[in-house]
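The next block holds one structure in the form of structure tokens; read it before the comments.
As the structure is a computational prediction, the values presented were derived from the model and not from experiment.
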Amino acid sequence: MSQQSPAPRRRHLMDPDAPRKVADPKDLERLHRVQRRVISVLIITTLIHLTVGLILAADAVDEDRLDAQLGLILLGAAFYVVGIAAVRAINKKPLATWWMLTALIPVAAGLWWVVLR
């Protein structure tokens, strides 16, 4: 009789004879930094789209409702500021920064697009 050799262990399964090595703290820190950057980019792009959407919604409101138009424009800028603050908090930076002043850009663009155009 021929002896059958045991089936080779699949590499994707845990092998008790060869435990995984412990992660290096530097590697973990690099991983966390990349994760913070990715979530920061996702937050900013989402809130920029929300801000633009609110400005376009303000454009769709009747022209005799200037208060609603301005409210939507300011709401978009407020969401933009909250997004910047969230990114700063995730990256463990001080919340007060000159980046908050960039919220004036969607306000100016929205006023021009909706009211002055």
Side-chain angles (χ1 to χ4, degrees):
M1 272 175 63
S2 65
Q3 277 188 338
Q4 292 186 0
S5 63
R9 183 176 296 273
R10 296 182 187 163
R11 296 186 57 87
H12 70 278
L13 298 175
M14 184 181 85
D15 185 4
D17 297 329
R20 293 180 183 229
K21 67 176 188 168
V22 177
D24 184 29
K26 290 180 182 179
D27 290 338
L28 288 176
E29 179 55 36
R30 283 193 295 252
L31 174 66
H32 291 153
R33 189 174 343 134
V34 168
Q35 288 173 338
R36 285 192 304 266
R37 287 181 182 172
V38 167
I39 195 68
S40 297
V41 168
L42 288 173
I43 287 172
I44 287 296
T45 56
T46 300
L47 288 172
I48 286 174
H49 282 90
L50 178 63
T51 301
V52 170
L54 285 170
I55 290 172
L56 293 176
D59 189 35
V61 172
D62 291 333
E63 290 185 15
D64 61 337
R65 293 292 317 269
L66 184 62
D67 59 334
Q69 290 175 335
L70 293 177
L72 285 171
I73 291 169
L74 293 176
L75 189 61
F79 276 116
Y80 185 83
V81 167
V82 168
I84 292 173
V87 167
R88 300 285 292 179
I90 288 171
N91 290 303
K92 300 174 185 169
K93 304 281 185 184
L95 296 182
T97 179
W98 65 272
W99 281 101
M100 296 291 186
L101 294 176
T102 61
L104 296 174
I105 296 170
V107 170
L111 286 175
W112 176 79
W113 183 263
V114 175
V115 179
L116 302 176
R117 184 174 63 108

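Residues V81 and L104 do not share a hydrophobic cluster, defined by chaining ILVMFWY side chains whose heavy atoms lie under 4.5 Å apart. Linking Ile, Leu, Val, Met, Phe, Trp and Tyr whenever their side-chain heavy atoms come within less than 4.5 Å leaves L72 and V82 in two separate clusters. In the hydrophobic clustering of ILVMFWY residues, with side-chain heavy atoms under 4.5 Å counting as a link, L66 and W112 come out together. I44 and L95 are assigned to two separate hydrophobic clusters, defined by single-linkage of ILVMFWY side chains at heavy-atom distances under 4.5 Å. Under a hydrophobic clustering in which Ile, Leu, Val, Met, Phe, Trp and Tyr are joined whenever their side-chain heavy atoms come within less than 4.5 Å, directly or via other members, L31 and V22 fall into different clusters.
T51 OG1 to Y80 OH: the interatomic distance, rounded to the nearest 0.5 Å, is 7.5 Å. In this structure, CG in L111 is found 8.5 Å from CD1 in I55, a value given to the nearest 0.5 Å.
A pairwise comparison of heavy atoms in A77 and V107 identifies CB-CG2, 3.3 Å as the closest pair. Taking every heavy atom of both residues into account, L47 and G83 meet most closely at CD1-CA, 2.9 Å. P106 and A103 get closest at one heavy-atom pair: CD-O, 3.1 Å. The heavy-atom pair separating I90 from S40 by the smallest distance is CG2-OG, 4.2 Å.
With sequence neighbours excluded, the residues forming a salt bridge (charged side-chain N to carboxylate O under 4.0 Å, His left out) with R65 are D67, listed by chain and number. Remark: V38 pairs with V34, L42 by the side-chain contact (heavy atoms from CB on, under 4.5 Å) rule, at least two apart or across chains.
Classification of R117 and E63 as a salt-bridged pair fails, no side-chain N sitting under 4.0 Å from a carboxylate O.
At least one side-chain heavy atom of L56 sits under 4.5 Å from a side-chain heavy atom of W113. Taking 4.5 Å as the limit, some side-chain heavy atom of L70 sits within range of a side-chain heavy atom of V115.
Of the candidates L74, I48, I84, L50, L50 is the only one forming a side chain to side chain contact (heavy atoms under 4.5 Å, CB included) with F79.
Judged by distance alone, the side chain of D27 and the main-chain N or O of A23 form no donor-acceptor pair under 3.5 Å. Here the side chain of Q69 pairs a donor or acceptor atom with the backbone of V61 at under 3.5 angstrom. The main-chain N or O of P94 is found under 3.5 Å from a side-chain atom of R88 such that the two form a donor-acceptor pair.
Crowding of R37 atom CZ: a count of heavy atoms from other residues, nucleotides or ligands under 6.0 Å not exceeding 12.
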